[in-house]
Amino acid sequence: LEAYGSTGLMDLGSLSQIAVAAGATVRTSLDGALESDSRIAVHVTSEGSVAAVLQETVLDGARPSGVTFVTPSQQSTSVTVPAVTVGEEATEVPTLRIVNTQPEAAEVSISVTDGSGTSPLPGGTNVPIAAQTVLDLSLSGLTAGQYTVHITSQAAVTAGVELVSQEAEGEPRDIAWAAAESSVTAGAAVFGPLCALVTVTAPEGTESSVTVTPIDSDGSAGEAFHAKLDAGGHVTFEMPEGTIAVTLKTTAPVYAAVVT
């Protein structure tokens, strides 16, 4: 394990190496292992194939302020984070986190896609990130809605977006992390009996026809949603009540995610 913070590589001590037996699961607490920092990212490498997830619990004094499970993000010179939700309330501003694990400084540019197209993030062009550090950028300049965030860099970076759900200051608060994902032509997601949106974005230079099929609790398929996306196009489907899962099929790779 390697940990990165706002000023550079952090010392994990004996936790920098963990042995995982074949077919086993290992849970390791990082509480107290790292110095205090508001921007932390953990990088996992392995001699064999492993899957990793990080549980994050946030406290405001003694008051719980959110819990979530952080899934791995793609690392590349071009990464995309789908399903970024900007809420109506001032307390629901997402934060973009970019991690530069390289030994040299990087320069990144950020753009966002919604139903009206793709545009640069205000203040998000040629942003420097020091070597082996973590940078947070507020997305407060975006109006309420669903977005896909794109980050390009001359060096490989990774990114995620922290989403916040809170109706007003002092009200209960929860968080979730949207990870940088690879594009897909097919997939499925199970989320239970919740209100759900499916967001789909076509990469620049690629058109795609999209079919999203809702699945009911009895396993039956509902009426499918269809859309033809131009290159760089974006669409959001609202799932009907009673939907617990969805399937996705496309004619070309797209970025897709479910928001509940």
Side-chain angles (χ1 to χ4, degrees), residues 71 73-88 94 96 108-122 124-125 139 141-153 158-161 163 176-260:
T71 56
S73 287
Q74 297 290 318
Q75 184 176 33
S76 176
T77 56
S78 178
V79 295
T80 297
V81 184
V84 174
T85 302
V86 179
E88 298 280 354
L96 171 64
V108 302
S109 292
I110 303 110
S111 59
V112 295
T113 299
D114 63 4
S116 61
T118 300
S119 58
L121 179 73
T125 302
L139 300 182
L142 301 177
T143 57
Q146 299 293 326
Y147 295 87
T148 296
V149 178
H150 312 278
I151 302 99
T152 58
S153 171
T158 189
V161 175
L163 309 174
W177 280 91
E181 303 282 358
S182 56
S183 56
V184 297
T185 56
V190 179
F191 42 82
L194 302 170
C195 296
L197 302 175
V198 178
T199 69
V200 185
T201 303
E204 292 293 335
T206 303
E207 298 179 348
S208 185
S209 294
V210 177
T211 300
V212 172
T213 305
I215 307 298
D216 294 336
S217 57
D218 61 1
S220 61
E223 183 176 354
F225 295 82
H226 302 279
K228 183 175 175 59
L229 293 181
D230 295 330
H234 176 90
V235 66
T236 299
F237 301 107
E238 184 175 354
M239 294 296 100
E241 185 177 352
T243 301
I244 66 163
V246 295
T247 62
L248 169 77
K249 291 184 179 180
T250 70
T251 57
V254 298
Y255 299 102
V258 177
V259 180
T260 58

Output all residues satisfying side-chain hydrogen bond (donor to acceptor under 3.5 Å, both in side chains) with [X], sequence neighbours left out; order by chain, then residue number.
X      : result
Ser119 : none
Ser182 : none
Thr118 : Thr113, Glu204

Ile110 vs Leu96 side-chain heavy atoms within contact, under 4.5 Å: yes

Flag side-chain contact, heavy atom, 4.5 Å: Leu229 against Thr250: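 Contact flag for Leu229/Thr250 side chains = no.
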
What distance separates [X] [atom1] from [Y] [atom2], expressed to the nearest 0.5 Å?
X      : Y      : atom1 : atom2 : answer
Leu121 : Leu142 : CG    : CG    : 6.0 Å
Leu139 : Leu163 : CG    : CG    : 9.0 Å
Thr143 : Asp114 : OG1   : CG    : 7.0 Å

Side chain to side chain contact (heavy atoms under 4.5 Å, CB included) evaluation trace for Val258 with Thr260: CA-CA 7 Å; Val258 177; Thr260 58; 4.0 Å; yes

Qualifying residue for side chain to side chain contact (heavy atoms under 4.5 Å, CB included) with Val108, from Thr77, Ile151, Thr152: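 Exactly one pass, corresponding to Ile151.
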
Minimum heavy-atom distance between [X] and [Y], given as atom pair plus value:
X      : Y      : result
Pro94  : Val161 : CB-CG1, 3.7 Å
Val81  : Ala178 : CG1-O, 3.5 Å
Pro253 : Thr206 : O-CG2, 4.2 Å

Check: Pro120 main-chain N/O paired with Ser111 side-chain donor or acceptor under 3.5 Å: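 Judged by distance alone, no pair lies under 3.5 Å.
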
Only pairs under 3.5 Å count here: list side-chain donor-acceptor contacts from residues 183-200, not counting sequence neighbours, and write none if there are none.
none

Using atom types as modelled, flag every donor-acceptor pair under 3.5 Å from a side chain in residues 232-248 to any protein atom, sequence neighbours excluded.
unit_1	atom_1	unit_2	atom_2	d
His234	ND1	Thr201	OG1	2.7
Thr243	OG1	Pro240	O	2.8

Only distances under 3.5 Å count here; give the side-chain donor-acceptor pairs of residues 215-227 to other protein atoms, sequence neighbours excluded, each with its distance to 0.1 Å.
unit_1	atom_1	unit_2	atom_2	d
Asp218	OD1	Ser220	N	3.0
Asp218	OD1	Ser220	OG	2.7
His226	ND1	Thr211	OG1	3.1

For Lys228, all residues meeting side chain to side chain contact (heavy atoms under 4.5 Å, CB included), sequence neighbours excluded: Glu207, Ser209

Side chain to side chain contact (heavy atoms under 4.5 Å, CB included) against Ser73, all qualifying residues, sequence neighbours excluded: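 So Ser73 forms a side chain to side chain contact (heavy atoms under 4.5 Å, CB included) with Thr158, Ala179, Ala180.
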
Residue pairs fulfilling ring-ring contact (aromatic ring centres under 6.0 Å, His included) with at least one residue in residues 241-260, sequence neighbours excluded: none

Side chain to side chain donor-acceptor pair (under 3.5 Å) partners of residues 78-88, not counting sequence neighbours, each pair once: Thr80-His150, Thr85-Gln146

